[in-house]
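The next block holds one structure in the form of structure tokens; read it before the comments.
From a predicted model like this one, the values you see are computed outputs, not experimental measurements.
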Amino acid sequence: NGKYNADNFNLNSSPQMTQFMTEYLKIKLVEKSEKTEKFLFNDDIVSGLLTKQLPPTIKEFLEQYSAFKSYDKMLSTFVKDYVNRNVNGFVYPSIQLVGTKTGRTSAKNPNIQNIPNMFGMKQIFIPRNEDRFIVYADYSQAEVRMLAMLSQDTAFLNIFNSGVDPYKQMASKVYKISTDSVSPELRQQMKQVVLGLNYGMSAVGLADRLGVDTKQAESILNDFFTTFNRIQPYREKLFRYCAKNGYVIGGTLKKRRFPMFMLVQEEAERYKLASGKYKRYIMNSPIQSSSSDLAIYNFSRINEHFIVNN
């Protein structure tokens with residue numbers, strides 16, 4: 001097709017990719033941008049499409065497209081930046097303790113906080129000399145654990161306190177089957193549910209991510225909220241609080257303001273504004289902020305440990 005060739009087609013253009021998917025490949029997209037009302041096409045949607053039954057040629061294209069995006073992101077976000085900011089073999093990044101709107105830490109010039117595991121990227125960093133070493137550390141399911149703490153859902157907390165694979169246990173409880181009967185597919189499905197909830201994902205978004213219809217996605221969410229019955233009340237309480245006050249508060253009392261909620265006086269009207277993308281922001285901000293604060297606190301403890309025991 002002359003319309004889609006290397007001379008006039010950009011794989012990094014979301015509008016062009018959306019048009020290509022809907023008009024040329026005849027793939028039905030579901031999620032729309034709330035700002036433009038146009039269909040969205042991003043990495044999450046590609047992942048959702050790959051779980052569906054598709055013609056082999058289309059599935060192969062999506063797999064190659066996904067691989068291309070991974071390589072392209074690694075090259076543009078990390079490799080080029082590291083090379084450009086190299087000073088005699090060293091990089092000197094800036095760490096921002098409150099570097100994002102959600103209140104979490106970030107790193108720039110260059111970014112060393114989100115180094116991908118793929119392609120051996122982490123191995124390009126080596127200690128300055130033989131007397132020093134590099135520590136790689138990460139929290140396991142940090143934001144999901146923070147959701148458990150903030151919601152104070154007993155069943156959810158018990159899962160993490162048990163020390164056993166949390167997503168497998170969640171799937172066991174939600175689907176009412178033994179943990180031994182939880183397949184890798186069901187575990188992954190539950191992981192998508194929980195991670196999506198951290199960003200206020202709706203049944204429509206979950207359906208697209210899991211490759212199921214909206215009714216089935218609603219059923220999965222209902223079963224989840226029934227099993228862990230303090231999570232939905234926590235979400236609703238958060239939305240109402242933000243609608244009334246115009247901000248949300250993280251675990252260490254950091255606020256993220258949402259001025260649009262102060263445009264009207266009636267709480268009910270404000271609450272109607274807490275939809276779509278704003279619900280995602282409202283839901284995720286306290287979780288990201290609190291998780292980041294926990295990491296910062298432990299950074300300082302690790303540093304103190306090295307100083308005392310050096």
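Looking at heavy atoms from C-beta onward, Val193 lies out of side-chain contact with Met170 at the 4.5 angstrom threshold. Under the 4.5 Å side-chain criterion, counting only non-hydrogen atoms from C-beta, Leu197 is in contact with Arg235. A heavy-atom distance below 4.5 Å is not found between the side chains of Tyr241 and Ile282. Residues Val194 and Phe228 fail the side-chain proximity criterion, which asks for heavy atoms closer than 4.5 Å. Pro286 is listed as a side-chain neighbour of Tyr234, based on a closest heavy-atom distance under 4.5 Å. Arg256 places none of its side-chain heavy atoms less than 4.5 Å from the side chain of Ser289. The shortest distance between side-chain heavy atoms of Asp81 and Thr77 does not fall below 4.5 Å.
Considering only residues two or more places apart in sequence or on other chains, Ser292 meets the side-chain hydrogen bond (donor to acceptor under 3.5 Å, both in side chains) condition with none of them. For Ile177, the side-chain contact (heavy atoms from CB on, under 4.5 Å) partners at least two apart in sequence or on another chain are Tyr175, Ser181, Val182, Leu186. With sequence neighbours excluded, the residues that form a side-chain contact (heavy atoms from CB on, under 4.5 Å) with Asn129 are Asp131, Arg132. In this structure, the side-chain contact (heavy atoms from CB on, under 4.5 Å) partners of Thr154, at least two apart in sequence or on a different chain, are Asn158. Scored by the side-chain hydrogen bond (donor to acceptor under 3.5 Å, both in side chains) test, Asn229 finds no partners at all (sequence neighbours excluded). Every residue two or more places apart in sequence or in another chain was checked for a ring-ring contact (aromatic ring centres under 6.0 Å, His included) with Tyr139, and none qualifies. For Asn12, the side-chain hydrogen bond (donor to acceptor under 3.5 Å, both in side chains) criterion is met by Lys69, Asp72, not counting sequence neighbours. Applying the side-chain hydrogen bond (donor to acceptor under 3.5 Å, both in side chains) rule to Lys108 yields no partners; only residues at least two apart in sequence or on another chain are considered.
To the nearest 0.5 Å, the span separating OH on Tyr24 from CD on Gln19 amounts to 13.0 Å. If you take NZ on Lys279 and CD on Glu236, they are separated by 5.5 Å, rounding to the nearest 0.5 Å. Rounded to the nearest 0.5 angstrom, Ile287 CD1 and Leu238 CG are separated by 8.0 Å. Rounded to the nearest 0.5 Å, atoms CZ (Arg280) and CG (Asn198) are 13.5 Å apart. Taking CG of Asn109 as the start and OG of Ser94 as the end, the distance is 5.5 Å to the nearest 0.5 Å. To the nearest 0.5 angstrom, Cys242 atom SG is 14.0 Å from Lys237 atom NZ.
Through side-chain heavy atoms spaced under 4.5 Å, either directly or across other Ile, Leu, Val, Met, Phe, Trp or Tyr residues, Phe306 is tied to Phe133, Val135, Ile302.
At least one donor-acceptor pair closer than 3.5 Å links the side chain of Ser285 to the backbone N or O of Tyr281. Of the possible polar contacts, none joining the Ser291 side chain to the Gln288 backbone as a donor-acceptor pair under 3.5 Å is found. Looking at Asn245, its side chain never comes within 3.5 Å of a backbone N or O of Tyr247 through a donor-acceptor pair.
Pairs engaging residues 43-76 under the ring-ring contact (aromatic ring centres under 6.0 Å, His included) rule: Phe20-Phe61, Phe41-Tyr65, Tyr71-Phe119 [sequence neighbours left out].
Each of Tyr297 and Ile95 belongs to its own hydrophobic cluster when Ile, Leu, Val, Met, Phe, Trp and Tyr are linked at side-chain heavy-atom distances under 4.5 angstrom. Note: the hydrophobic cluster containing Leu11 also contains Ile27 (ILVMFWY, side chain heavy atoms under 4.5 Å, direct or indirect links). Placement of Val164 and Met190 in two distinct hydrophobic clusters is found when ILVMFWY residues are connected by side-chain heavy-atom separations under 4.5 Å, directly or transitively.
Arg85 approaches Val91 most closely through the heavy-atom pair O-CG1, 4.0 Å. The heavy-atom pair separating Gln113 from Thr105 by the smallest distance is NE2-O, 3.0 Å. The two residues Ala107 and Ile112 have their closest heavy-atom pair at CB-N, 3.8 Å. Annotation for Ile124 and Tyr82: closest pair CD1-CD1, 3.5 Å, computed over non-hydrogen atoms. Ser162 and Ile159 make their closest contact through OG-O, 2.6 Å (heavy atoms, listed as atom of the first residue, atom of the second, distance).
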| request: Quick one: do Leu62 and Met21 satisfy side-chain contact (heavy atoms from CB on, under 4.5 Å)? Show the steps, please. | output: CA-CA 10 Å; Leu62 288 174; Met21 295 298 294; 3.8 Å; yes
Next on the checklist: Show, in sequence, the C-alpha distance, side-chain angles and deciding distance for Ser14 and Thr18, and conclude whether the side-chain contact (heavy atoms from CB on, under 4.5 Å) test is met.
Outcome noted: CA-CA 6 Å; Ser14 183; Thr18 300; 4.1 Å; yes
Going through the checks in order, is the side-chain contact (heavy atoms from CB on, under 4.5 Å) test met by Val79 and Met121? CA-CA 9 Å; Val79 176; Met121 279 296 296; 4.0 Å; yes
List the atom pairs, with distances to 0.1 Å, where a side-chain N or O of residues 141-150 and a protein N or O form a donor-acceptor pair under 3.5 Å, not counting sequence neighbours.
{"unit_1": "Gln141", "atom_1": "OE1", "unit_2": "Arg145", "atom_2": "NH2", "d": "3.1"}
{"unit_1": "Arg145", "atom_1": "NE", "unit_2": "Ser140", "atom_2": "O", "d": "2.7"}

Donor-acceptor list for residues 216-226 side chains, cut-off 3.5 Å, not counting sequence neighbours:
{"unit_1": "Asn222", "atom_1": "ND2", "unit_2": "Glu218", "atom_2": "O", "d": "3.2"}
{"unit_1": "Thr226", "atom_1": "OG1", "unit_2": "Asn222", "atom_2": "O", "d": "2.7"}

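Cation-pi check for Arg230 over Phe156 is not met; the charged atom does not lie both under 6.0 angstrom from the ring centroid and within 45 degrees of its normal.
Counting non-hydrogen atoms of neighbouring residues, nucleotides and ligands closer than 6.0 angstrom, the CD1 atom of Ile134 exceeds 12 such neighbours. Taking a 6.0 Å sphere around CG of Asn309, one finds it holds more than 12 heavy atoms contributed by other residues, nucleotides or ligands.
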